[in-house]
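Notes to accompany the following structure.
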Amino acid sequence: MLTESEKEEIAEEVKRAGHARAACVDALRIVQRRRGWVCDEALREVAALVDMTPAELDSVATFYSLIYRKPVGRHVILLCDSVVCWVMGHETALEHLTRRLGITLGETTADGRFTILPTACLGACDRAPAMMVDEEIHGDLTPEKIDRILEQYR
Amino acid sequence: MEKPLTKMMRPDGEPLSLGEYEAAGGYQALRKALGAMTPTAVVEEVKKSNLRGRGGAGFPTGLKWGFMPKADRVRRPRYFVVNADEMEPGTWKDRMLMEGNPHQVVEGALLGAYAVEADVGYIFLRAEYAKAARVLRRAIAEAYGAGYAGKNVLGSGWALELSLHISAGRYMCGEEMGLINALEGRRANPRNKPPHPQLAGLWGLPTIVSNTETVCNAPHIILNGAEWYKGISRSSDGGTKIYGASGKVKRPGLWELPMGTPLREVLEEHAGGMRDGLKFRGVLPGGASTDFLGPEHLDVKMDFDSVPKAGSRMGTGTMIILDDHTCPVGMVRNLERFFARESCGWCTPCRDGLPWAAQVLDAIEEGRGEPGDLDVLADLCRLMAPGHTYCALAAGAVEPLQSALKLFREEFERHIRDKRCPWR
Amino acid sequence: MVATLHIDGAAYSVKEGQNLLQACLSLGFNLPYFCWHPAMHSVGACRQCAVKQFKDEKDTRGKIIMSCMTPATEGMRISIEDPEARAFRAGVIEALMVNHPHDCPVCDEGGECHLQDMTVMTGHVCRRARVRKRTHRNQDMGPFVNHEMNRCIACYRCVRYYRELAGGRDLDVFGWHHHVYFGRQVDGPLESEFSGNLVEVCPTGVFTDKTLKGHYARKWDLQTAPSVCVHCSLGCNTIPGERYGELRRVRNRFNEEVNGYFLCDRGRYGYEYENSDLRLRHPLRLGAEGPRPIPSAEAVSYVAGLLRNGGRVLGIGSPRASLEGNFALRALVGAGRFFIGWPERERALVTTALRLLREGAIRTPCLREVREADAALALGEDVSNTAPMLAFALRQCAMQRKIKVAAAFGIAPWDSDAVRLVGQDEKSPIFIATPCGTRLDDIATRLWRAAPEEIARLGFAVAKALDPDAPEVPDLSDEAKSSARDIAAALREAERPVVVSGTGAGSPAVLEAAGAVAAALRRLGRNVQLSLVLPECNSAGAALLGGGSLAGALSEVRKGQVDTLIILENDLYRRLNAEAADALLAGVKHLMVLDHLANATTARAEVALPCATFAESEGTLVSQEGRAQRFFAVHPARGEVRESWRWLREIGMAAGQSEMAAWQTTDDLIQTLSQEPGLSGVKEAAPGREFRAAGQKIPRQPHRYSGRTAMGADVSVHEPPPPEDRDSPLAFSMEGYQGQPPAALVPRYWAPGWNSDHALNKFQGEVGGAVRGGPAGVRLIEPAADAPARYAAEIPPPFQPAEGQWLVVALHHVFGSEELSAHTPGVAQLAPRPYLGLSPEDAQRCGVGEGDPVELAVGSSVQQLPARIIPGLPRGLLGLPAGLAGVKVVELPAGGRVRSVTGGPP
Ligand SMILES: Cc1cc2nc3c(=O)[nH]c(=O)nc-3n(C[C@H](O)[C@H](O)[C@H](O)COP(=O)(O)O)c2cc1C
Ligand code: SF4
Ligand code: FES
């Protein structure tokens with residue numbers, strides 16, 4: 001069940017966008033902000049608010065990489081796997097994360113703290129290898145630095 | 001050396017406030033245009049300046065804006081969209097421009113919108129650029145507050161609604177027709193051209209999409225004139241360019257330099273050359289979807305006409321360097337994996353060809369390659385040649401592959417012969 | 001405009017502006033394609049149709065272009081054979097095949113797969129990819145369509161068809177890159193009643209016919225014949241397929257003027273009644289212990305005996321039986337004693353409809369003309385449930401406006417996405433006035449929900465708004481007046497408006513009102529057409545034949561004038577309430593019934609005769625368009641089953657009616673019945689039995705039909721001679737003419753290299769257009785050129801919801817309302833459960849909740865039903881599902897009373 005304030009926020013986006021469906025990605029993000037991901041029930045409710053069928057909305061939702069249709073941890077680590085990061089040591093970073101957290105790409109730690117997902121170039125190529133945790137970009141990753149960063153997220 | 005785009009920026013990279021921007025001459029161009037120039041005059045000035053689109057294809061911006069049909073009462077609203085999706089691997093110039101001087105982007109957007117007589121403007125931003133989102137949102141609000149945007153811009157009677165659209169992640173959102181679909185709340189599949197977006201873009205109405213760096217040039221052209229703009233360039237393309245270098249160079253970074261600065265100069269003087277102990281082996285001159293150039297091409301002038309003569313493309317002008325300790329096969333594999341993953345899934349060669357190419361590269365890199373594999377890769381490059389696919393993603397995707405097959409052929413063959421990657 | 005096109009050096013004339021793919025295919029070239037479809041046009045996704053284009057004579061390099069996205073222009077030079085173009089096309093197939101499973105042997109599409117055909121066409125024979133194929137989970141999509149996603153080649157045809165043509169919104173594409181997934185958001189039956197076309201639209205085996213899967217046979221093993229759908233009055237053309245005496249599936253038979261490329265699910269899947277356990281297979285005689293089988297000869301001589309001994313006989317025919325069957329019964333009992341088995345109200349409705357078309361000045365459109373209309377008014381009829389393919393056609397009509405807008409931008413109608421982009425929300429003016437919401441409402445520019453009389457009054461008001469000479473509608477509300485003015489304005493501006501109505505609302509006034517709107521437009525000189533939906537597949541034929549209603553039959557029986565009653569393919573318990581039917585049947589001494597399936601009427605028969613279905617016999621049906629169309633036996637009737645008319649003829653002959661002896665074949669009978677006024681065209685509906693193509697018959701079995709010598713080996717090792725078909729130019733064998741016969745005789749689509757339905761391309765003059773030789777069927781009704789456009793005299797008073805009195809109206813359901821298809825398990829599964837519909841306001845006022853039991857009394861008929869709350873249903877109206885099993889028959893609309901079973905009288 002969407003909360004009243006979520007519904008209001010979505011209605012606001014719809015009004016702003018002019019065309020209801022134009023607000024659909026924003027609406028999904030509103031839902032995702034509170035819950036981390038978009039479950040089927042929320043998807044159906046959002047669909048009704050943006051004048052789409054669940055199939056139409058899911059068609060859009062499943063296209064975009066930052067709309068999560070499966071549960072994610074409290075913090076999502078987007079690990080850049082594009083070319084510059086690869087040249088600069090993405091594989092080492094991934095190995096370290098995997099060892100530290102006991103999960104690999106697409107997985108969530110048992111305590112629900114982290115999910116690691118691969119991402120296309122974060123535009124932090126001057127600080128490669130890089131990753132983004134929630135809204136923060138961290139560059140020049142080394143195993144030690146990764147350890148320090150992970151400590152910041154509970 | 002003139003650095004119109006970056007000279008105002010603070011050394012710490014923090015955003016200029018509205019006051020700081022105005023103090024440095026910001027919004028004077030908009031005032032000038034609204035006060036003394038017709039939209040057509042703005043377009044003409046941009047045409048004369050030889051500004052070419054910085055999104056990658058280098059299409060003359062004035063020409064593009066000029067394609068917008070004459071404004072009428074029926075086909076409204078008209079749209080002007082700033083493409084700030086910047087997902088090209090190895091490219092972060094637009095981010096620097098947005099984070100460091102958001103008002104310059106806003107003023108550029110407003111000038112572009114005025115030039116094409118738009119009613120609605122969007123800045124289409126990728127979601128990962130959270131800081132850019134924060135500063136742009138604020139800048140837009142400030143611009144509204146100062147009367148630069150809104151119902152009656154600077155009392156001129158022209159109305160423009162400007163807003164920030166935050167995308168949800170897909171390389172295809174940067175492709176202009178994909179971007180338009182994304183703005184409509186659809187999958188970011190491209191659309192066929194014709195009809196061009198100028199005729200039928202967003203919601204079927206006249207629309208222009210221009211890159212962030214492109215629009216940042218507009219205020220300076222309008223304020224200082226086309227002749228000045230052409231004069232600060234070292235080539236026939238006008239103006240300056242934000243060049244970048246990444247990879248194992250001493251000082252990866254971005255620099256605003258005259259258009260046409262030679263590649264070697266960017267690499268050696270600005271990026272400080274290769275890290276100690278490493279040698280330059282090749283370069284993707286303008287992002288992931290450009291052909292590799294080798295050491296013999298280091299003296300190429302980085303502009304839209306010269307780079308193609310050397311066999312690649314200027315692209316985004318942010319170069320990715322391959323050193324002699326990095327496996328070229330692995331690098332190409334990484335690139336093709338990226339493109340395969342970012343294919344929108346609409347047309348066959350790209351959707352099914354790229355993952356195949358990526359898997360062949362996997363095989364070669366992992367020591368399972370077979371001699372025929374290189375023919376398969378060459379065939380796939382032909383299959384995805386320009387014009388063969390629905391949009392330019394696939395054609396861009398095979399550029400590094402086809403050039404690597406030529407430039408680093410013996411590396412591929414060695415992988416297949418030795419059944420392993422020599423760098424592992 | 002004609003353009004000269006140079007293809008591989010030779011010059012050809014083609015239609016200018018047409019896309020090159022269509023032009024090349026029409027010229028007979030084999031150019032492969034996937035995403036393109038003649039009814040869905042071009043989007044340029046698959047890249048399969050590439051050719052080389054050269055700038056001029058000197059250009060030797062040329063460039064690859066997508067033929068489907070390129071208009072043909074004067075002097076254009078292209079090459080199909082160019083090595084680079086060939087290599088490119090082979091490369092596209094190779095890429096498609098990277099992930100396509102190699103499961104052709106176990107794939108239902110095998111042998112009629114467009115992907116197989118195109119793969120062979122491009123010459124891709126050797127796999128180079130050593131990759132792990134991507135795999136998907138399949139979905140359960142309900143009883144009709146099977147889903148096997150691994151086979152997907154992502155041509156996007158399914159979602160384009162489903163969303164853009166069929167108007168469905170529950171099938172879509174998910175995910176991205178090579179993981180794109182075509183399906184539903186969650187498992188569950190597809191919501192569109194046109195879902196079955198996915199099976200034909202999908203170029204490979206992702207969407208296949210689930211009913212076929214239950215009794216599978218390859219296309220080349222199916223015996224097929226041209227047929228006509230019996231499940232509504234539109235007469236869509238079909239190709240049913242049979243093997244081992246069992247009907248296996250129904251495919252579309254292209255008729256440009258009727259159903260085009262598509263069928264509705266009732267038509268496609270309703271066929272399974274023919275395999276039902278309820279089929280009568282032997283003559284039955286009712287004895288003390290119930291019915292027992294008797295030999296045919298005994299049955300014939302017994303019934304003949306009843307007639308011969310001077311017994312007074314009465315015949316009741318049927319609007320779902322062929323013209324031949326009805327005619328034979330009429331001949332047997334005499335015209336004065338022949339009654340079409342419909343209630344008086346239905347007779348009045350159908351004859352009103354026919355009168356409007358026959359006596360008026362207005363033409364009834366074929367479905368192609370509806371698809372091409374640029375404005376529509378649907379008055380009273382929920383076509384989405386009573387005539388689904390008409391609803392489908394109206395969806396295309398809605399598109400006309402976009403096409404027109406796009407044309408102003410120089411965009412060709414085949415440039416599908418561009419048309420939609422430029423057209424945006426533009427849609428042709430379409431007005432729908434019905435008692436209850438319809439599944440077509442999304443295309444309407446305006447909707448009305450009202451009682452039938454109110455709808456009729458709106459129609460008359462539109463006529464008045466168009467033509468001041470039309471009769472005044474008294475006591476019209478301001479709202480209705482302004483609505484009428486709006487509709488009138490839109491229709492007046494249209495170039496090709498169509499008025500749609502029908503018998504579904506049960507109101508002659510509604511039909512008259514539709515006629516009045518058409519008449520008014522006609523008087524303004526507009527090119528208007530009037531399409532009227534009728535209740536059943538041969539309602540028009542029955543009405544043309546003439547004959548009284550059941551009321552007439554009942555009064556004869558009451559007068560004690562009837563010893564023997566013969567009922568043809570008609571379950572009276574679906575037409576009359578049980579008491580009335582009982583009374584009628586009880587009033588006669590002897591009852592003989594001919595039918596396919598056991599039903600309440602056959603259960604009462606003293607003698608029941610098993611008769612052939614549409615798939616086992618030849619006959620003629622007249623559609624609501626007035627189009628007489630012939631269906632042919634797909635397989636010979638087995639055992640004692642035979643055509644109704646043959647039973648009747650035998651009885652007649654045995655009873656001494658020697659003139660019936662002349663009817664040796666269907667042709668003989670048709671010859672006789674064509675002498676009836678208005679029916680002279682019937683013999684032209686299809687070539688007669690003497691017809692030969694190049695001296696040969698048309699084979700029902702494909703030339704690859706397998707197992708002919710072995711099929712009956714469990715019974716006898718001797719190969720029996722193929723059954724003879726004395727009635728038609730078709731043969732129950734593989735031998736015969738392999739080329740293209742006239743449209744009415746096309747048993748299947750096949751051409752060398754084209755094993756899928758797309759072989760149809762080779763049958764059409766211009767691909768996407770009519771088949772060579774013109775469409776099947778013959779129109780029996782054309783308006784008289786000088787006929788006056790007249791107005792009905794009577795305009796009903798306004799509908800007033802009265803306290804305690806309700807107006808009960810029939811609500812039709814595409815699945816469940818039609819008698820025969822309801823015996824198909826899948827149709828039964830999708831049919832609604834019995835209910836009584838009421839508006840939310842009324843429900844609230846009465847304190848009735850969804851599902852609460854309510855008692856409905858209409859006259860003496862009382863039944864208890866769960867309440868269903870239907871938003872949009874006008875206050876004071878109750879909706880009762882029409883024809884649904886478990887709902888008592890009442891003639892609607894009618895006044896009714898309800899009582900909440902739990903809460904007392906509302
Ligand atoms: C796959 C693909 C991705 C693209 N991504 C971007 C992008 O992120 N930003 C951008 O400005 N242009 C991008 N482009 C180019 C745009 O399509 C378009 O040409 C550009 O935004 C026009 O701006 P300009 O004329 O100012 O260069 C992309 C093109 C393709 C084919
Ligand atoms: S080339 Fe084709 S599949 Fe690839 S991104 Fe463009 S349209 Fe999509
Ligand atoms: S048929 Fe032309 S691209 Fe698919």
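Proteins get letters first, then strands, A, B, ... in listed order; numbering begins at 1 in each.
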How close do Ala120(A) and Glu342(B) get, counting heavy atoms only, and between which atoms? CB-OE2, 4.2 Å
For Arg341(B), which atoms come within 4.5 Å of any heavy atom of chain A: side chain, backbone, both, or neither? side chain
Region of Glu91(A) in contact with chain B, defined by heavy-atom distances below 4.5 Å: side chain
Taking every non-hydrogen pair under 4.5 Å, which of Arg126(B), Met87(B), Glu86(B), Glu88(B) racks up the most with chain A? Arg126(B)
Which portion of Leu183(B) sits near chain A, non-hydrogen atoms under 4.5 angstrom: backbone
Checking heavy atoms, do the side chain of Asp94(B), its backbone, both or neither come under 4.5 Å from chain A? neither
So how far is it from Cys85(A) SG to Leu94(A) CG, rounded to the nearest 0.5 Å? 12.0 Å
Quick one: closest heavy-atom pair of Arg191(B) and Ala200(B), and the distance? NH1-O, 4.4 Å
Can you tell me which portion of Ala61(A) sits under 4.5 Å from chain B's heavy atoms? Options are side chain, backbone, both or neither. neither
For the pair Arg113(A) (side chain) and Leu150(A) (backbone), establish whether a donor and an acceptor sit closer than 3.5 Å, ignoring hydrogens and angles. yes
Proximity breakdown for Thr326(B) and chain A, heavy-atom pairs closer than 4.5 Å: side chain
Chain A contact via Ala245(B) - side chain, backbone, both or neither, heavy atoms under 4.5 Å: neither
Can you tell which of Glu135(A), His19(A), Arg16(A), Met132(A) has the highest number of heavy-atom pairs within less than 4.5 Å of chain B? His19(A)
At a 4.5 Å cut-off on heavy atoms, which part of His325(B) comes close to chain A: side chain, backbone, both, or neither? neither
Give the member of Ser163(B), Cys327(B), Cys344(B) that has the highest number of heavy-atom pairs under 4.5 Å with chain A. Cys344(B)
Do Glu107(A) and Thr104(A) have side-chain atoms, one donor and one acceptor, less than 3.5 Å apart? no
Would you give the length of the straight line joining atom CG of Leu78(A) to atom CD of Glu128(B), rounded to the nearest 0.5 angstrom? 6.5 Å
For the backbone of Phe114(A) and the side chain of Thr109(A), can you confirm whether one donor and one acceptor N or O come within less than 3.5 Å of each other? yes
Chain A shares the most heavy-atom pairs under 4.5 Å, among Cys173(B), Ala130(B), Gly330(B), Ala288(B), with Gly330(B)
Determine the option with the most heavy-atom pairs under 4.5 angstrom with chain A, choosing from Gly185(B), Gly169(B), Ala168(B). Ala168(B)
Among Ala127(B), Ser167(B), Gly244(B), Gly253(B), which residue has the highest count of heavy-atom pairs closer than 4.5 Å to chain A? Ser167(B)
What one should report as the nearest heavy-atom pair of Thr290(B) and Ser312(B) is CB-OG, 3.6 Å
Under 4.5 Å from any heavy atom of chain A - which part of Phe338(B): side chain
So CZ of Arg29(A) and CZ of Arg33(A): to nearest 0.5 Å the spacing works out to 9.5 Å
Counting only non-hydrogen atoms closer than 4.5 Å, does Ala128(A) touch chain B with its backbone (N, CA, C, O), its side chain (CB onward), both, or neither? neither
Counting only heavy atoms closer than 4.5 Å, note whether Arg187(B) contacts chain A via side chain, backbone, both or neither. both
In short, Asp85(B) meets Asn83(B) closest at the heavy-atom pair N-OD1, 3.2 Å
Is Ala133(B) close to chain A through its backbone or its side chain, or both, or neither, when contacts mean heavy atoms under 4.5 Å? neither
Using non-hydrogen atoms and a 4.5 Å limit, figure out which bit of Ile166(B) sits close to chain A: side chain, backbone, both or neither. both
One option among Leu122(A), Ile67(A), Val25(A) has the most heavy-atom pairs under 4.5 Å with chain B, and it is Leu122(A)
Under a 4.5 Å cut-off applied to non-hydrogen side-chain atoms, are Arg281(B) and Glu411(B) in contact? yes
Looking only at heavy atoms, the pair that brings Val120(B) and Pro77(B) closest together is CG2-CB, 3.9 Å
Is it the case that more than 12 heavy atoms not belonging to Glu14(B) sit under 6.0 Å from its CD atom? yes
Engaged part of Asp81(A) at the chain B interface, taking heavy atoms whose separation is under 4.5 Å: both
By a 4.5 Å heavy-atom criterion (distance strictly below it), what part of Arg251(B) contacts chain A: side chain, backbone, both, or neither? neither
